[in-house]
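Written below as structure tokens is the structure these notes are about.
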Amino acid sequence: MARIISMKDAVNEALDQEMTRDPTVIMMGEDIVGGAGAQGEDDAWGGVLGVSKGLYAKHPNQMIDTPLSESAYVGAAIGAATAGLRPVAELMFIDFIGVCLDQVFNQAAKFRYMFGGKAETPVVIRAMCGAGFRAAAQHSQMLTPLFTHIPGLKVVCPSNAYDCKGLLIQAIRDNDPVIFLEHKNLYASTADVPEEPYTIPFGEANIVREGRDATIVTYGQMVGRSVEAAELLKKDGVDVEVIDLRTLSPIDMDTVLESVEATGRLVCVDEANPRCSIAADIAATVAQDAFDALKAPIRMVTPPHAPVPFSPSLEDAYVPSAERIAAAVRKTLEN
Amino acid sequence: MARIISMKDAVNEALDQEMTRDPTVIMMGEDIVGGAGAQGEDDAWGGVLGVSKGLYAKHPNQMIDTPLSESAYVGAAIGAATAGLRPVAELMFIDFIGVCLDQVFNQAAKFRYMFGGKAETPVVIRAMCGAGFRAAAQHSQMLTPLFTHIPGLKVVCPSNAYDCKGLLIQAIRDNDPVIFLEHKNLYASTADVPEEPYTIPFGEANIVREGRDATIVTYGQMVGRSVEAAELLKKDGVDVEVIDLRTLSPIDMDTVLESVEATGRLVCVDEANPRCSIAADIAATVAQDAFDALKAPIRMVTPPHAPVPFSPSLEDAYVPSAERIAAAVRKTLEN
Amino acid sequence: MSNPFPLPKEQLLDAYRKMKTIRDFEERLHVDFARGEIPGFVHLYAGEEATAVGIMMHLHDRDRIASTHRGHGHCIAKGVDVKAMMAEIYGKATGCCAGKGGSMHIADLSLGMMGANGILGAGAPLVCGAALAAQKLGHDGVGITFFGDGASNQGTVLESMNLAAIWNLPAIFVVENNGYAESTSVDYATASDSYVDRATGFGMPGITVDGLDFFAVYEAAGEVIRRAREGAGPTLLECKNVRFFGHFEGDAQTYKAPGENEYNRANNDCLKLFRQKVTEAGVISESELDAIDAEVAQLIDEAVAEAIAAPLPGPEQLTTDVYVN
Amino acid sequence: MSNPFPLPKEQLLDAYRKMKTIRDFEERLHVDFARGEIPGFVHLYAGEEATAVGIMMHLHDRDRIASTHRGHGHCIAKGVDVKAMMAEIYGKATGCCAGKGGSMHIADLSLGMMGANGILGAGAPLVCGAALAAQKLGHDGVGITFFGDGASNQGTVLESMNLAAIWNLPAIFVVENNGYAESTSVDYATASDSYVDRATGFGMPGITVDGLDFFAVYEAAGEVIRRAREGAGPTLLECKNVRFFGHFEGDAQTYKAPGENEYNRANNDCLKLFRQKVTEAGVISESELDAIDAEVAQLIDEAVAEAIAAPLPGPEQLTTDVYVN
Ligand SMILES: Cc1ncc(C[n+]2csc(CCOP(=O)(O)OP(=O)(O)O)c2C)c(N)n1
Ligand SMILES: Cc1ncc(C[n+]2csc(CCOP(=O)(O)OP(=O)(O)O)c2C)c(N)n1
Ligand SMILES: [Mg+2]
Ligand SMILES: [Mg+2]
């Protein structure tokens with residue numbers, strides 16, 4: 001029987017179930033409970049958009065509000081992960097990584113290698129990402145390429161509530177540091193999500209829609225838009241395959257390469273900025289490893305090389321639309 | 001008449017000449033003078049490798065030692081750049097960006113856009129980059145893709161002393177924030193460097209070596225190795241073009257595309273880690289914009305997806321060698 | 001009757017006008033946001049006006065301030081055009097940032113306003129830079145960074161305090177302590193008993209004032225700004241405040257004590273306190289202030305009407321202003 | 001003669017052995033580095049042995065420490081295998097990090113040694129995490145982060161002090177104040193008059209001790225560690241030190257006063273001071289200590305010989321250990 005819940009509720013449920021299963025799973029972040037030290041209601045916020053609302057009542061010893069010191073508390077989550085806990089640290093917006101990157105990229109990501117394989121750092125860093133919220137340049141970035149570039153990190157960006165739950169549970173159970181990016185525009189999106197806990201393995205892309213004429217590879221919010229684009233193209237008799245990467249590191253290039261071998265045409269869609277992007281990463285790998293299968297130039301669809309603008313009119317033009325994606329597919333079909 | 005000096009001296013000369021020309025050019029960083037507050041010699045260090053040695057004696061009011069607070073002083077350089085100075089902030093190793101990234105990527109890079117074009121932030125952030133110094137995982141990274149990904153930053157990584165002087169002077173005179181990466185392994189490399197100040201414009205690649213059979217695109221330390229590879233290949237009668245990008249953002253794709261149109265074969269060489277790298281960025285753009293000219297799969301030569309190891313035996317295997325580059329070129333010639 | 005205040009009447013009227021402008025600006029945004037007319041995140045400054053204006057009355061355009069996510073008050077006090085601000089918040093091409101910045105990024109460098117900021121604590125290093133520039137360029141400008149009780153625990157702020165102290169910068173660190181960081185109490189999040197202790201830990205003097213009392217703020221700010229201008233170095237100035245609205249618009253504020261907002265509106269309203277003081281001293285009449293109120297109300301009405309009528313930026317604006325060249 | 005010291009003779013001998021091992025380890029590296037036999041950056045701890053050992057004598061494997069770039073002393077004091085350390089510094093497959101880490105990344109989590117660190121101040125948050133884990137897992141372990149006078153101005157350290165204080169963590173912040181950060185004096189770089197003031201600014205007690213006096217360190221550390229174990233929260237402990245060598249090997253040290261190193265070797269040598277105290281008290285004889293000296297010398301000789309003889313890691317190691325799976 002279908003149980004339709006939002007991605008926001010899926011995140012909450014995954015955290016709830018994992019904290020129940022394993023008392024060493026703790027969560028920390030700014031106002032993830034809310035009202036600490038204040039005179040009003042306990043559990044007043046549940047995070048800035050209410051994602052963790054109610055978890056404090058169920059797991060009072062596992063939910064910790066933090067001061068506005070991301071280096072200290074993200075680093076503490078990492079340190080605790082090497083000392084017997086499995087912390088989930090919430091960085092409110094991934095844009096705030098600039099004040100705590102060192103702990104993530106020079107510490108968590110490198111411990112295992114630098115220490116000759118002797119460390120395990122099972123930490124999850126959850127953060128909101130993405131544009132479309134009128135939140136402007138410092139609260140709307142994707143930044144997926146930054147983390148994907150860094151060896152030692154795993155990078156996850158789900159496109160829907162079902163995947164989100166399974167990937168988050170996997171992230172918490174995973175023994176490596178995971179950057180878990182939740183697109184704020186997808187929180188309200190709903191899917192059929194089983195109540196019981198389940199995991200989705202990392203490095204397994206999802207073929208969201210099968211097709212023969214061209215392959216679209218993407219992730220996150222762009223999955224929905226790519227499917228929309230595929231619907232638009234269907235009307236013209238064009239049959240497009242849409243691949244949702246789900247995890248960017250590790251990345252399931254096998255599925256991508258197989259698809260391109262079949263379709264011969266590739267469009268990489270990325271909400272991140274274009275230079276050194278996930279789109280570029282995939283395009284480059286395909287141009288190296290499946291070149292002979294390609295019948296047309298690879299096309300990339302991304303925002304421009306510019307920060308995210310505030311004004312609705314600009315932001316709407318900034319984020320790739322189904323129309324722009326469809327146009328790119330049409331272009332690959334010209335060859 | 002030839003004047004052969006090292007890249008280290010070229011940096012020193014560029015800073016010296018610009019500070020002389022323009023008193024609003026100031027430089028700050030950790031121990032860039034040395035001995036502050038101590039009882040021994042003034043100007044005791046000139047930076048950790050002596051690059052700025054002697055500049056304090058000539059420009060005492062323009063050389064400022066800082067406490068070990070990168071966020072504060074890099075941010076101060078950025079703030080000062082909006083207030084009438086043209087600061088050059090030295091981040092000793094680019095690996096330290098993790099403690100001060102916000103000031104660079106959310107502040108300096110975005111001011112102009114967020115403020116609707118009303119800000120100018122003429123700041124240069126100089127840092128050592130790259131491997132080969134047995135300096136291990138936290139002192140050997142390239143990180144060029146991180147900065148190249150971010151709109152609003154310019155990213156420079158010279159391959160030789162001549163370019164280094166001209167590009168650094170351009171960086172100081174440029175009105176945008178510039179990340180200026182000096183490969184520590186190249187400091188000792190020498191070139192014929194004119195004494196008088198000169199600039200090299202950003203976004204103009206240098207064809208270091210012309211060739212008909214294949215194109216190698218690279219930058220920094222890998223330029224020398226690519227030329228070596230070209231020499232190796234010459235013995236087999238293979239004639240390789242080597243393009244030194246010099247600046248990664250802006251990037252001179254025209255020169256790359258033109259070369260690939262002529263040779264039909266492309267090898268992208270990058271000392272940065274492979275995922276979302278500069279190599280991937282170029283490969284992807286070529287696979288989009290010069291696809292029809294390609295006669296063979298594009299090849300990328302990079303270190304593995306792993307941190308930089310300490311042991312000489314591992315580090316030597318980590319950084320792409322002339323042999324590996326040559327092998328990649330040979331592979332593109334198989335098609 | 002003689003004027004017992006440290007400012008002439010003209011300036012008192014000006015201060016009142018600025019505070020009232022901020023208040024009306026924010027009250028109006030509150031209403032219009034609830035109506036769904038304003039995009040994005042909006043953090044209102046209402047309740048804290050005396051702090052911004054009490055400090056900014058001492059500043060010239062050459063003096064630099066760096067603001068926060070809660071920046072409208074600082075902007076208005078520093079002289080940013082109110083209509084251009086309103087248009088910006090509406091995302092219009094006529095906005096002071098051409099619609100690209102929005103509420104969290106309003107700036108006007110020509111007036112010394114270095115920008116509201118979406119990143120907590122980010123202004124502190126920037127202001128050290130502005131103060132350094134004043135030092136190096138040989139003018140008497142100061143730099144003032146505002147940050148909240150929550151942001152006072154950001155590494156950037158803490159590092160900057162040390163930097164300013166060792167470089168003896170003309171920099172002032174203003175903690176706007178409104179008791180909350182989002183929903184979290186300052187008592188939970190800040191370990192030190194007093195911000196004065198924290199200042200001492202970074203080798204600079206610290207002063208705490210009632211941020212609701214325009215005159216207390218004005219006086220303390222005057223002193224620390226004078227010190228800074230004279231080369232005596234940085235100071236931390238804590239201004240105790242109240243926040244009339246939620247953290248951002250849409251905040252249900254259940255973390256506050258029951259009746260807290262009503263109590264503050266009744267007893268801790270810096271505008272009422274100001275009005276009371278200046279009228280009781282007989283320096284300004286109620287009707288003079290009422291006249292300002294009416295002018296301000298009209299200004300805000302016009303600002304909103306013009307913002308609504310203004311055009312959105314066109315798509316060609318998407319890729320301009322990324323680089324100077 | 002009775003033992004006037006707070007440790008039984010066995011432990012005094014153990015402490016001496018540890019300090020002497022650190023000293024000889026570092027003196028030997030100094031010589032071998034100059035000979036060109038050691039790759040990379042090497043920062044020597046010689047001169048500061050009493051601090052590491054005085055503190056670590058109180059710790060169990062469950063207690064966690066985070067070290068710095070100058071980490072050899074902390075590692076040896078915490079019990080990391082000296083031969084495995086030497087092999088690591090030589091980049092050998094037998095090194096404690098399999099040759100992948102080198103001098104700046106020696107770690108042994110099983111002994112509670114969370115790693116030397118190439119990033120200043122990075123250990124402070126990590127140790128807060130270890131202390132939090134102790135709290136949550138309900139054991140009495142403490143976390144100790146070491147950092148220099150220079151690193152004391154890193155935002156990570158400062159934020160962590162506040163965090164530890166508000167969470168009442170069993171965390172201890174040890175400033176090893178050797179007067180220099182590279183070539184820069186602490187007087188230039190750190191604004192506060194005393195680290196005790198800084199501790200106060202973060203709501204925790206601060207103590208300053210003579211880091212050269214093993215017994216002073218031992219006593220102060222015992223007290224603050226006991227407090228932490230009992231749930232009384234964090235403390236800052238400043239240990240005043242001297243650095244016998246340069247910042248790193250290869251440093252000409254011209255920033256030091258003429259004769260400074262010689263003076264310190266003669267008058268501020270923590271090993272000599274220890275020897276003097278324990279022999280004058282008649283608790284340990286010169287010959288007992290000499291015997292330890294000889295054993296340590298042999299250990300270091302063996303460590304170097306074995307390190308030199310050990311194989312380098314093979315290229316198949318390049319891509320292992322990036323992920324657990
Ligand atoms: C580095 C960073 N962390 C977190 C946030 C999210 N955030 C925005 S405002 C805020 C609370 C700020 O509290 P305070 O500093 O007291 O200022 P106030 O809102 O009370 O004026 C938080 C947590 C942010 N913008 N930047
Ligand atoms: C974040 C960061 N900034 C700068 C450096 C470079 N660096 C390494 S050690 C050092 C000096 C440290 O001085 P101090 O903290 O006093 O420790 P000491 O060397 O005296 O033991 C510097 C600047 C670094 N490793 N990390
Ligand atoms: Mg507040
Ligand atoms: Mg020191």
Side-chain angles (χ1 to χ4, degrees), chain B residues 29-50 64-73 75 92-93 95-100 102 132-141 273 303-319, chain D residues 38-41 88-93 95 97-105 117-122 148 150-156 158 179-191 247-248 251-258 260 311-315 317-322:
Chain B
E30 294 163 2
D31 303 87
I32 57 160
V33 177
Q39 287 170 34
E41 205 183 301
D42 258 9
D43 203 2
W45 262 36
V48 77
L49 297 184
I64 313 175
D65 273 341
T66 67
L68 310 186
S69 309
E70 287 83 1
S71 272
Y73 81 76
M92 199 179 287
F93 294 89
D95 312 68
F96 303 164
I97 192 68
V99 298
C100 60
D102 184 73
F133 231 68
R134 318 317 186 193
Q138 294 175 338
H139 286 73
S140 305
Q141 298 168 86
N273 287 116
H305 184 64
V308 182
F310 165 66
S311 180
S313 66
L314 294 177
E315 195 182 33
D316 289 343
Y318 182 91
V319 182
Chain D
I38 315 240
F41 291 116
E88 185 61 34
I89 292 168
Y90 273 81
K92 296 304 178 74
C97 302
K100 288 180 174 170
S103 166
M104 262 192 291
H105 306 299
N117 212 310
I119 304 297
L120 294 173
S152 74
N153 297 312
Q154 276 286 332
T156 41
L158 301 167
Y180 297 102
E182 299 193 336
S183 72
T184 300
S185 162
V186 62
D187 298 330
Y188 173 81
T190 301
H247 167 65
F248 50 16
D251 176 4
Q253 305 181 64
T254 59
Y255 50 87
K256 287 187 175 172
E260 186 172 322
L312 286 163
Q317 288 298 311
L318 206 51
T319 51
T320 55
D321 304 329
V322 181

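Owing to the predicted nature of the structure, the values given are computational and were not obtained by experimental measurement. In what follows, chains are A, B, ... by sequence order, proteins preceding strands, each numbered from 1.
Within the model, atoms OG1 of B:T66 and CD1 of B:I32 stand 7.5 Å from one another, a figure rounded to the nearest 0.5 Å. Atom OG of D:S183 sits about 10.5 Å away from atom OH of D:Y188, to the nearest 0.5 Å. Atom CG of B:L314 sits about 9.0 Å away from atom CG of B:D316, to the nearest 0.5 Å. Here CZ of D:F248 is found 10.0 Å from CE of D:M104. Values are rounded to the nearest 0.5 Å.
Neither the backbone nor the side chain of D:I38 comes within less than 4.5 Å of any heavy atom of chain B. Residue B:S71 does not touch chain D at all, counting heavy-atom pairs closer than 4.5 Å. Interface remark: B:V48 contributes backbone and side-chain atoms alike to the contact with chain D (heavy atom separation under 4.5 Å). With a 4.5 angstrom heavy-atom cutoff, D:L318 touches chain B via backbone and side-chain atoms both. Of the two parts of D:A181, the backbone and the side chain both hold a non-hydrogen atom closer than 4.5 Å to a non-hydrogen atom of chain B. Residue D:D321: no heavy atom, backbone or side chain, is found under 4.5 Å from chain B.
Between D:N117 and D:A122, the shortest heavy-atom distance links the atoms ND2-CB, 3.6 Å. Minimum interatomic distance between B:D31 and B:W45 (heavy atoms only, all atoms of both residues): O-CB, 3.6 Å.
The candidate with the highest count of non-hydrogen atom pairs below 4.5 Å against chain D, out of B:A36, B:P312, B:G37, is B:A36. When each of D:Q253, D:E88, D:Q154, D:E182 is checked for heavy-atom pairs under 4.5 Å with chain B, D:E182 comes out on top. In terms of heavy-atom pairs under 4.5 Å with chain B, the best-connected choice from D:G155, D:P258, D:P39, D:S103 is D:P39. With chain B as the partner, the residue from D:D251, D:D187, D:T320 showing the most heavy-atom pairs under 4.5 Å is D:D251. Of the listed residues (B:P67, B:P303, B:A306, B:A38), the greatest number of heavy-atom pairs within a distance under 4.5 Å of chain D belongs to B:A38. Per-residue counts of heavy-atom pairs under 4.5 Å with chain B were compared for D:K100, D:H247, D:K92; the largest is that of D:K100. Of the residues considered (D:E260, D:K256, D:H105, D:Q317), D:H105 shows the highest number of contacts with chain B, using heavy-atom pairs under 4.5 Å. With chain B as the partner, the residue from D:T190, D:T319, D:V322, D:T184 showing the most heavy-atom pairs under 4.5 Å is D:T184. In terms of non-hydrogen atom pairs under 4.5 Å with chain D, the most contact-rich of B:D65, B:V33, B:V99, B:V308 is B:D65.
Residues passing the ring-ring contact (aromatic ring centres under 6.0 Å, His included) test with D:Y180 are D:Y255, sequence neighbours excluded.
Looking only at side-chain heavy atoms (C-beta outward), B:E70 and B:E30 come within less than 4.5 Å of each other.
The aromatic rings of B:F93 and B:H139 sit perpendicular, their planes meeting at an angle over 60°, well past the 30° parallel limit.
Between the side chains of B:S140 and B:D95, not a single donor N or O lies within less than 3.5 Å of an accepting N or O.
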